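Here's the structure we're looking at; comments come further down.
Because the structure is predicted, anything quoted here is derived from the model rather than measured. We count residues from 1, following the sequence as given.
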Amino acid sequence: MDRFFPLAVSVLMVGCGPYVPCNGPDCEIPALPWDPGGGAGGGGYGSGDGGDDSGTIIEETGTPPEIVTVRDCAVTYDYQPSGSYTAIAIAGAFNGWTETPLSDGDGDGIWSADLGALAAGAYPFKLVFDGAYEGNPPANVYTQWSDGVENRSLRVGDCGRPLLQVTEAAATASGDLAVEVLFALAADESPLDPGSVSVTVGGQAVAPQISGSTVRVEISGLVPGKHSVLIRASDAAGRSAENGPVWVPLWVEAEPFSWEDGLMYFAFTDRFRNGDYGQDGAVQAVAGVSTTANYQGGDFLGIIHAMEEGYFEDLGVNVLWLSPVYENAEGAWLGTDGVHTFSGYHGYWPVSPTAIEARFGDVSAELSGDAGDRLDELIATAHANGVRVLFDLVLNHVHEDHSYLAEHPDWFGPGCVCGTAGCGWEEKPVECWFTDYLPDLSYRNHDLLQTVVDDTLALIRDHDVDAIRIDAAKHMDHVIMRTLSMRLRDDVERASGTDFYIIGETFSSDRGLIMDYVASYELDAQFDFPLYYSVRSAFISGGSFRALAQAVSDGGSAYGGALMSPFLGNHDVPRFATDVSGVSGDPWSGAISDPMASGGAAITQQALIDRTALAFTFVLTQRGVPLIYYGDEIGLHGGADPDNRRMMNFAPYLSANQSALLERVQAVGQARRDHAALRRGGMRELWVEDDRYVYARDTGGGTGGDDLAIIALNKGAATAWSVPVSGMDGVTFTDALGSGRSATVSGGQLPISLGAMDAVIWVAP
C-alpha cells in the first residue's frame with residue numbers, strides 16, 4: 001500500500017526508536033512522491049482546545065519512505081506521539097471530520113490507521129488526543145487552511161500513475177557521475193515504456209541504461225561545474241510519472257561547496273550592463289516614464305559578458321543574485337508617492353509565474369520571446385565558473401495583469417493599501433497590499449498555495465537554479481514559505497544531496513521577528529538588517545565600534561547557526577557612498593552628484609574610498625553569506641529608490657577613484673575566497689574601542705592561513721598598539737590584503753600598526 005509520506009525535515013524528533021535519518025555512507029536516498037496539488041473541501045474540525053502534541057509522523061524524522069515497486073491505492077497514516085495517550089484519532093476532510101482511531105497493536109509506540117483508498121489530493125485534518133482536538137498544527141509539517149483554520153495536510157498521491165524514485169545520486173571531484181532511478185508501477189502494474197525514458201545531463205541528452213524498472217545514468221570525465229540530471233518516463237499505458245520530471249542537481253568540484261563559503265553579488269539586471277549596447281537600437285523604454293524609473297537596457301547578456309571577463313571572480317564572488325526574471329507588466333504605473341510613474345524594470349510586478357521578461361534577452365529574444373534561452377545561457381556560464389545562481393521570488397503579490405487574476409479572480413479578495421488609515425505596514429503586514437494594482441496572494445486558499453508552489457518549483461527546476469530569495473517575507477503567511485521549503489527538501493535535496501539555500505527579506509531591526517521565519521522547515525537565513533543599521537552607524541554616522549561589536553554578538557546569540565547575509569547596502573536604501581559623502585538633492589531630478597566620478601563633495605574622494613573599503617572589510621569578513629550590492633564596490637551614488645539603482649559602470653570607463661575602491665574591495669573578496677578561516681571560522685572578539693576593533697575568525701585547527709585570520713579595523717587617526725594572543729609566540733602574520741605588512745607575535749602580544757581609516761587581515765602562512 002502507499003504510505004502517507006508528508007515530509008522529511010532535518011530535525012530529529014524525540015523518541016523515534018529505530019527510525020533515524022538516512023545519513024550513513026551506504027545510505028540510498030529516494031525521492032518522495034511529487035505533491036499532487038489541488039485541494040480538498042473545507043469543513044470544520046469539531047470543537048475542543050486540545051493539546052499540541054510534539055510527536056511526529058514517522059517520516060518527519062528524516063527517514064526516507066520505503067521504496068516501492070508497485071503503488072497501492074490504500075493509504076496508511078503512521079504517527080508516533082511524544083506523550084502518553086490512551087486514545088489517538090484522526091479527523092479530516094477525507095472522512096467527513098469524523099474520528100478514525102489510530103492503534104498501536106504491537107506496542108512499538110507507532111500508532112497507525114488504515115484510511116482506505118483516497119482520491120489523489122490534499123486533505124485538511126486534525127489529530128485528536130484522548131478526545132481533545134489538537135490546536136495549531138506543528139510548524140514542521142505540511143499544513144493547509146480550511147474555513148479560517150490552519151490544519152495539518154494529508155497529501156495523497158495518484159496511485160493510478162507511476163512514480164520515479166531516486167535510489168542513488170553522486171558526482172565525484174574527478175568527474176564521475178551516477179544516478180539511478182527506480183520506476184514504481186501504477187496500481188494496475190503497467191510496465192515502464194523504455195522508449196519514453198528521456199535523460200539529460202547538464203542540458204545534454206544522454207542514453208541511460210534500462211533494466212526492467214531501473215533507469216541508470218553513468219558518465220565519466222565531466223569538467224568542473226554543475227551537471228544536473230533531468231529524467232522523464234512513462235508507462236506502457238502512456239501515463240507519465242506523477243513526480244516527473246525528476247531533477248537531480250549535482251556538482252563536480254574539487255572541494256565540496258558549503259553555503260558558508262558563499263559571497264553574494266546582487267546584479268540588478270536592467271541596471272547592471274547592456275550586453276548588446278549599440279546593436280539593439282533604442283532601449284525599449286516605456287513612454288511617459290522618467291529615465292530614473294524606466295528601462296535602461298541592462299540584460300542577461302551583459303551579466304554573461306561580465307562573468308566571462310572575470311568580473312565576479314576578481315571580487316571573490318561565487319553566488320549571483322539576479323533581480324526578478326519574471327515577465328513584468330507593460331506600461332506606466334503610479335508609484336506609492338502618488339506623483340511619479342514607474343515601469344516594471346525592477347521585476348517586482350510579475351504577470352506570469354514562469355515566463356521570462358523579454359527585455360532582458362537580446363534583440364532576437366525581444367522579437368521571438370525566447371529570453372529564457374538567454375537566461376539559461378547566463379546560468380550555464382555561471383555554473384561553468386563555479387558560481388551558484390539565486391532567483392529573487394515575488395510571492396507576496398502579483399500585478400493586476402497577472403494570469404492568476406485573469407483565470408482565478410476568486411483567489412483575490414478586497415484588500416487595503418499598506419500605509420493608509422487602519423492599514424499600517426506593521427499593523428496589518430499580511431493583509432495589506434503594497435498598492436492597489438498589486439493584489440496580495442492569500443495563501444489561506446489551498447488551491448492558490450499549491451499552484452504557486454508548483455509553478456515556482458517548475459521555474460526553479462527549468463532554469464537549474466541553486467538558491468532563492470523570498471521577497472517581503474513578513475508580509476506573507478508562514479504556510480507559503482514552509483510549504484515551498486519542505487517541497488524543495490523533499491523533492492530536490494533528498495534526491496540529490498545538494499543543499500539549496502533559501503534566504504528571506506524581513507525589513508526589520510527586530511531579530512526575534514526575523515528569526516520567526518528561520519528554521520529547517522522554512523527559511524535557511526535572512527538578510528541581517530539589524531547588523532546593517534549598526535554598520536551604517538559605525539562607518540557613516542560616527543557610531544562606536546563598541547556598538548558594532550555588540551551587534552555582532554547579539555546576532556550570534558539570536559541567529560545560532562543560521563547563515564545570515566550581512567550587507568552595507570541594497571536596492572531599497574540610499575547608497576552607502578551617498579550617505580558617506582553627505583550630498584543631497586531630489587533623486588528624481590538627477591541633482592544628487594557622484595563625487596567618486598566628478599568630485600565636489602564635502603568629503604574628499606580618498607576619504608570616501610577609505611571609509612567604504614573599511615566597511616567592506618568588516619562586512620566581507622563576517623559569518624554567513626555576505627552581500628555586495630552592485631555598484632557599491634565602485635562607490636556608485638544614489639539617493640532613495642529608484643535613484644539608488646543607477647546604471648553600473650565598468651573599466652575602461654571608471655574614474656581613478658572608482659578603480660582604486662574596486663581594487664580594495666577585490667582584495668577583501670579574494671582574501672575571503674583564499675582563506676577558509678574567513679568563511680568557516682568561528683568569531684572571537686579580541687579588542688574593541690570606539691575607533692579600533694579586532695576580531696578573529698578561527699576554525700580551531702591551528703595557526704595556519706586556513707585555520708586563523710585576525711581582522712583589525714581602525715576608523716580614527718593613525719595608531720599602533722598590541723593585542724594579547726596566547727600560544728602563538730614566534731608566529732609571523734602577513735596581510736592577506738596584499739599590503740606587504742607583517743607582524744610577529746612576541747610575549748603573547750600581536751603588534752598592530754594602522755593608518756587612518758585602515759585595516760589589515762592577518763593570516764599565518
With a 4.5 Å cut-off on side-chain heavy atoms, are [Y] and [X] touching?
| X | Y | value |
| --- | --- | --- |
| L250 | T498 | yes |
| H383 | D466 | yes |
| Q204 | H227 | no |
| N294 | Y345 | no |
| I356 | F300 | yes |
| F527 | M264 | yes |
| D632 | T612 | no |
| I502 | R489 | yes |

Find the distance between [atom1] ([X]) and [atom2] ([Y]) and round it off to the nearest 0.5 Å.
| X | Y | atom1 | atom2 | result |
| --- | --- | --- | --- | --- |
| Q296 | T269 | CD | OG1 | 13.5 Å |
| I460 | L390 | CD1 | CG | 9.5 Å |
| R388 | F500 | CZ | CZ | 11.5 Å |
| D270 | D299 | CG | CG | 9.0 Å |
| D376 | D464 | CG | CG | 8.5 Å |
| D261 | L678 | CG | CG | 11.5 Å |

Is a donor on one side and an acceptor on the other found under 3.5 Å between the side chain of [X] and the backbone of [Y]?
| X | Y | value |
| --- | --- | --- |
| E377 | D373 | no |
| H399 | D401 | yes |
| S565 | V625 | yes |
| S323 | F268 | no |
| Q526 | T506 | yes |
| E357 | N328 | yes |
| E633 | G631 | yes |
| D392 | L322 | no |
| N318 | V387 | no |
| H463 | V465 | no |

Quiz item: Residues in side-chain hydrogen bond (donor to acceptor under 3.5 Å, both in side chains) with H571, at least two apart?
Solution: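 Partners of H571 by the side-chain hydrogen bond (donor to acceptor under 3.5 Å, both in side chains) criterion, ordered by chain and then number, come out as Y348.
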
Exercise. Using the ring pair (Phe, Tyr, Trp, His ring centres under 6.0 Å) rule, collect all pairs that involve residues 626-645, keeping only residues at least two apart or in two chains.
Key: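 Every pair satisfying ring pair (Phe, Tyr, Trp, His ring centres under 6.0 Å) with a residue in residues 626-645: F266-Y629.
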
How far apart are the closest heavy atoms of [X] and [Y], and which atoms are they?
| X | Y | result |
| --- | --- | --- |
| S343 | V289 | N-CG1, 3.9 Å |
| S403 | P353 | OG-CD, 3.7 Å |
| A562 | V518 | CB-CG1, 3.9 Å |
| P249 | S228 | CA-OG, 3.3 Å |
| A241 | L164 | CB-CG, 3.6 Å |
| V389 | A382 | CG2-CB, 3.7 Å |

Quiz prompt | Pair R673-L263, side chain to side chain contact (heavy atoms under 4.5 Å, CB included): steps then yes or no | solution = CA-CA 8 Å; R673 177 193 64 200; L263 175 55; over 6 Å; no

Exercise. Run the numbers on V199 and V179 for side chain to side chain contact (heavy atoms under 4.5 Å, CB included), then give the verdict.
Key: CA-CA 11 Å; V199 178; V179 173; over 6 Å; no

Quiz item: Near Q670 CD, under 6.0 Å, is it more than 12 heavy atoms from other residues, nucleotides or ligands?
Solution: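 Above 12, so yes.
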
Practice problem: Could you please spell out the steps behind the side chain to side chain contact (heavy atoms under 4.5 Å, CB included) verdict for I628 and F312? | Solution: CA-CA 11 Å; I628 300 173; F312 303 113; over 6 Å; no

Quiz item: What residue among W321, W259, F391, F257 forms ring-ring contact (aromatic ring centres under 6.0 Å, His included) with Y501?
Solution: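 Among W321, W259, F391, F257, the one that satisfies the ring-ring contact (aromatic ring centres under 6.0 Å, His included) with Y501 is W259.
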
Quiz item: Going by atom types only, do Y559 and D528 share a side-chain donor-acceptor pair under 3.5 Å?
Solution: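 The answer is yes; a qualifying pair exists.
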
Quiz item: Among side-chain atoms of D462 and W247, is any donor-acceptor pair under 3.5 angstrom?
Solution: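 No, no side-chain donor-acceptor pair sits under 3.5 Å.
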
Exercise. Test E260 against R697 for salt bridge (charged side-chain N to carboxylate O under 4.0 Å, His left out), laying out the working first.
Key: CA-CA 13 Å; E260 61 189 342; R697 299 293 309 277; over 6 Å; no

Quiz item: Which word best sums up how the rings of W349 and H346 line up, parallel for under 30°, tilted for 30 to 60°, or perpendicular for over 60°?
Solution: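 Judged by the thresholds at 30° and 60°, the geometry between W349 and H346 is perpendicular.
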
Practice problem: Step by step, work out the salt bridge (charged side-chain N to carboxylate O under 4.0 Å, His left out) result for R645 and D572. | Solution: CA-CA 9 Å; R645 305 169 183 183; D572 291 324; 3.4 Å; yes

Practice problem: Evaluate the side chain to side chain contact (heavy atoms under 4.5 Å, CB included) criterion for residues L441 and I480: first the C-alpha distance (whole Å), next the side-chain angles of each, then the deciding distance (0.1 Å), finally the verdict. | Solution: CA-CA 10 Å; L441 294 164; I480 174 58; over 6 Å; no

Quiz prompt | Verdict with supporting geometry, D454 and R487, salt bridge (charged side-chain N to carboxylate O under 4.0 Å, His left out) | solution = CA-CA 9 Å; D454 286 344; R487 285 283 302 276; 3.2 Å; yes

Quiz prompt | Aromatic ring proximity, centroids under 6.0 angstrom, F272 and F650 | solution =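 So the answer is yes for these two rings.
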
